[in-house]
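Remarks on the structure that follows.
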Amino acid sequence: MINWREIPLVRALVFFIVGILLALFLNITIPGLSYLLVVLSIFILVQHFSKTTFTKRWQFGALLYALLLTMGYHIGFHYQEINDPAHFSYATDENPYYLTGKIIENPKKANTVKVKLAVTHLGDSLKNFTPTLGNILLALELDSLSNTLDFGDEILVKAKIQTLDPPQNPEAFDYRKLLRFDNIYHRSYIPSGQIQLLAKNTDHGLWSTAKKMQSYCLTQLKTHLLGEREFAVGSALILGYKDELSPELRNSYARTGAMHVLAVSGLHVGIIAGILGIFLGFFKPQQRWQKLLFVLLQISGIWVFAFVSGASPSVLRAATMFSFLVIGLKLERYNNIYNTLAISAFVLLFINPMLILHPGFQLSYLAVLGIVYFQQRIYKIWYIENKLGDYCWSLTSVALAAQLGTFPISIFYFNQFPVYFILSGLVVIPFATLILTLGILVIALGKIPLLGMLIGKIFYGAIWIMNALIFAIEQLPYGVYQELWLGFGSMLLLYLSIVLFAMLLKAKNFRLLLGTLTAIVLFFTTTAFQNIKSIDQKEIVIYHIHGQSCVDFFDGKKSFGLQTKTLAPKTAAWATANNRMSKNIDEVIAINFEDIEYKSTNLYYRNGFVQFYDKKLLFLNGHTIQKVPPALQPDIVVLRENCKVNLEEVQDYLSPKKIVADGSNKKWKIREWKAKADELGIDFIDTYYGAFNMIIKEK
């Protein structure tokens, strides 16, 4: 069983996290919360210094946990800048406003220049500005000015401020959640001519220094890594610079379970901490001040690496966590590693409470917890005398332990499981250690003529070999299980099973065995229920895809996908894949609107007319409408491709129960139809505000 007395900081962290989660999900103002924090703090101090009997000791704990819960709510609520009265969110009407602010992240340049702007002033004219706060995502039209913008620049823009749109398709990725981590709730498109540069590179702090250091290091790496793949992987692995990674490289590393090596995070910081520990260990410090100095040097090395690698949120998270781990491991007294992890998480969440919802934060701590608890238990299962075999088994036990901690949440977020993660782990962990070491030497010694060239050649060769091995593993059959769907409840049941199993390994208690088996049975029962439910499903979903039409007719575990012929597979998957996975679809039958006719048991399609069970749909993209017999009158009329039809004729000739305008239509056209539909009292649906779905119930 868990001995909670040994991990008081874990208990404290739980209450702090609960407070944060309540703030993030409820997001309601609680009057007097600051005063409550002060009162609770006073009561705790009084309780601490007063003499209390053993039986009343629980009062101090109850007050402390209440304080942590309240503190978590207070920090979680006020971290969200949109809750501040000074936030610019009140200016979301149709009028344009002038915004001034500083670019807080490197711009991303493609068809437009995307920048994250920390707003400082807002005005309804150039003569009337008010101090404000908040971040906004801007899409700047590409021109000679926007193309030169960089981190730290101050700009003035004229913008119509818009709130971020929710996902338009079921189970689709919610981009708002990702931006919420950066306190971004609004966006705007800025055409050319509406941007003015106020000051260039005004940021001279740590962030600016980190960016300059990263730029210098990239130049050094480019000198020695002449191959595109080698430079892309080397710059991503060492500096967290992923702009050069091609889709082919990303897919190869993702499909083999090695993608984490291309994102500077816990693995890299752990390797750096290990390298520094080994190097400093050669000096064999004896006195206490020497040991303290070496701990400070090791932590300093971790943070120097964090800033040189671009100071991304993931590496800063990892640097904080490993700093506390280094301190905890060097203490010359009993120290529980779970308390060390808890205090590092507490510090990170105190600075940024939104991290608790970030997949990277969750994966980092779950991976470390898996390694801490399971690695030695797995390693002891098999004793290997051969040193090479023992080393390989040690790496394998680390990979297995990390997977035990992360695979449920990985499937929940990414819907896939790499089968050969053990093989890729045997490759990337030793090679990442070697490449990181050589990369640091190249940056430090690369300009020394012969020595720099020699190290550079070995550096290049190591990356080339690692890439080759990853590509070879990718070619193995059945390398990745894709399109896996795990609901939130099922994920929690899976983690409950793992936690109870972990407790069972330690306590070997019959009740824990019964609890573990119960959790596993509940997980499989839930999964089986979802499968059984999907066998009888009958549903129509009209997706929203800009400039295209796409409809799914779900019939059991089969889907008939009706779409325009020009719809790119990647675009279609973006809209439909998650929804199909959530419904356990095994087979997708593609039908094009351009096809003349298609027949199956429960679906019939001909020239824009569909009958699916007892529901009839008519897709219009022409100019005229003809009367149809009562038996063929559609339940739903779908307007496509800005068709030039008269809604009065649609109503008179077809008498549909609903009219739907999909994403293939222009916004101005939909507004015209909407106004006319309101005038005629027609039930009109625009998929821009969310895909249309209809569940068909058997009569």
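For clarity, every value in this text was computed on a predicted model and none was experimentally measured.
F417 is not listed as a side-chain neighbour of L486, based on a closest heavy-atom distance of 4.5 Å or more. No side-chain heavy atom of L404 sits under 4.5 Å from any side-chain heavy atom of F501. Annotation: side chain of F231 is in contact with side chain of L218 (closest heavy-atom distance under 4.5 Å). Between I103 and L117, the closest side-chain pair of non-hydrogen atoms falls below 4.5 Å. L357 has its side chain within reach of F25: a pair of non-hydrogen atoms, C-beta onward, lies under 4.5 Å apart. Annotation: side chain of L179 is not in contact with side chain of N135 (no heavy-atom distance under 4.5 Å). The closest side-chain heavy-atom distance from F421 to I473 is not below 4.5 Å. The shortest side-chain heavy-atom distance between T396 and W393 falls under the 4.5 Å cut-off.
In this structure, D182 contributes its side chain and I184 its backbone to no donor-acceptor pair below 3.5 Å. In terms of modelled atom types and a separation under 3.5 Å, the side chain of T516 and the main chain of L512 share a donor-acceptor contact. Side chain of E244 to backbone of E228: no donor-acceptor contact under 3.5 angstrom is found. Not a single donor-acceptor pair under 3.5 Å links the side chain of Y379 to the backbone N or O of L395. For the pair D153 (side chain) and K200 (backbone), a donor-acceptor distance under 3.5 Å is absent.
Here OG1 of T120 is found 9.0 Å from NZ of K102. Values are rounded to the nearest 0.5 Å. For the atom pair CZ (F471) and OG1 (T256), the distance works out to 9.5 Å, reported to the nearest 0.5 Å. Between the CZ atom in F407 and the CG atom in L400 there is a gap of 11.5 Å [rounded to 0.5 Å]. Rounded to the nearest 0.5 angstrom, I458 CD1 and M453 CE are separated by 10.5 Å. The distance from the CG atom of L67 to the CZ atom of F16 is 10.0 Å, given to the nearest 0.5 Å. In this structure, OG1 on T70 lies 11.0 Å from CD1 on I75, to the nearest 0.5 angstrom.
More than 12 heavy atoms of other residues, nucleotides or ligands sit less than 6.0 Å from atom NZ of K109. Enclosure of atom CD in Q376 by more than 12 non-hydrogen atoms of other residues, nucleotides or ligands within 6.0 angstrom is indicated. At most 12 heavy atoms of other shown residues, nucleotides or ligands fall within 6.0 angstrom of atom OH in Y481. The number of heavy-atom neighbours closer than 6.0 Å to OH of Y413, taken from other residues, nucleotides and ligands shown, is above 12.
The shortest non-hydrogen separation linking A306 to A319 is CB-CB, 4.0 Å. Considering all non-hydrogen atoms of both residues, R377 and L505 come closest at CD-CD1, 4.0 Å. In this structure, G389 and I384 approach most closely via the heavy-atom pair O-CD1, 3.6 Å. In terms of heavy-atom proximity, G234 sits nearest to I463 at CA-CD1, 3.7 Å. Across every non-hydrogen atom of I343 and T340, the tightest pair is CG2-O, 3.0 Å. Taking every heavy atom of both residues into account, I378 and A401 meet most closely at CD1-N, 3.8 Å.
Listed by chain and residue number, K116 satisfy the salt bridge (charged side-chain N to carboxylate O under 4.0 Å, His left out) test with E105 (two or more places apart in sequence, or in another chain). The side-chain hydrogen bond (donor to acceptor under 3.5 Å, both in side chains) test applied to S34 returns no partner, not counting sequence neighbours. Considering only residues two or more places apart in sequence or on other chains, E474 meets the side-chain hydrogen bond (donor to acceptor under 3.5 Å, both in side chains) condition with S252. Annotation: ring pair (Phe, Tyr, Trp, His ring centres under 6.0 Å) contacts of Y391 (sequence neighbours excluded): none.
Ring geometry for H78 against H74 counts as tilted: the plane angle lies between 30° and 60°, on a 0 to 90° scale. Ring orientation note: the planes of Y73 and F77 are close to parallel, at an angle under 30° on the 30°/60° scale.
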*asked:* Could you walk me through whether W303 and T320 satisfy the side-chain contact (heavy atoms from CB on, under 4.5 Å) test, starting with their C-alpha distance in whole Å, then the side-chain angles of each, then the deciding distance to 0.1 Å, before giving a yes or no?
replied: CA-CA 8 Å; W303 282 97; T320 303; 3.5 Å; yes
*List the steps, then state whether side-chain contact (heavy atoms from CB on, under 4.5 Å) holds for V233 with Y253.*
CA-CA 10 Å; V233 170; Y253 276 81; 3.9 Å; yes
*side-chain contact (heavy atoms from CB on, under 4.5 Å) evaluation trace for L492 with L496*: CA-CA 6 Å; L492 292 181; L496 178 62; over 6 Å; no
*Between I455 and L451, does a side-chain contact (heavy atoms from CB on, under 4.5 Å) hold up when you go through it step by step?*
CA-CA 6 Å; I455 297 172; L451 181 62; 3.9 Å; yes
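For the residue pair R180 / Q80, a side-chain donor-acceptor distance below 3.5 Å is found, with atom types taken as modelled.
Aromatic pair F181/H358: ring centres closer than 6.0 Å.
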Donor-acceptor pairs under 3.5 Å, side chain of residues 426-440 to any protein atom, not counting sequence neighbours: which ones?
{"from": "T433", "atom 1": "OG1", "to": "I429", "atom 2": "O", "distance (Å)": "2.8"}
{"from": "T437", "atom 1": "OG1", "to": "T433", "atom 2": "O", "distance (Å)": "2.7"}

Indicate every side-chain donor-acceptor pair of residues 363-375 with a distance under 3.5 Å to a residue at least two apart or in another chain.
{"from": "S364", "atom 1": "OG", "to": "G360", "atom 2": "O", "distance (Å)": "2.8"}
{"from": "Y365", "atom 1": "OH", "to": "S344", "atom 2": "OG", "distance (Å)": "2.8"}
{"from": "Y365", "atom 1": "OH", "to": "A345", "atom 2": "N", "distance (Å)": "3.2"}
{"from": "Y373", "atom 1": "OH", "to": "A502", "atom 2": "O", "distance (Å)": "2.4"}
{"from": "Q375", "atom 1": "NE2", "to": "S397", "atom 2": "OG", "distance (Å)": "2.8"}

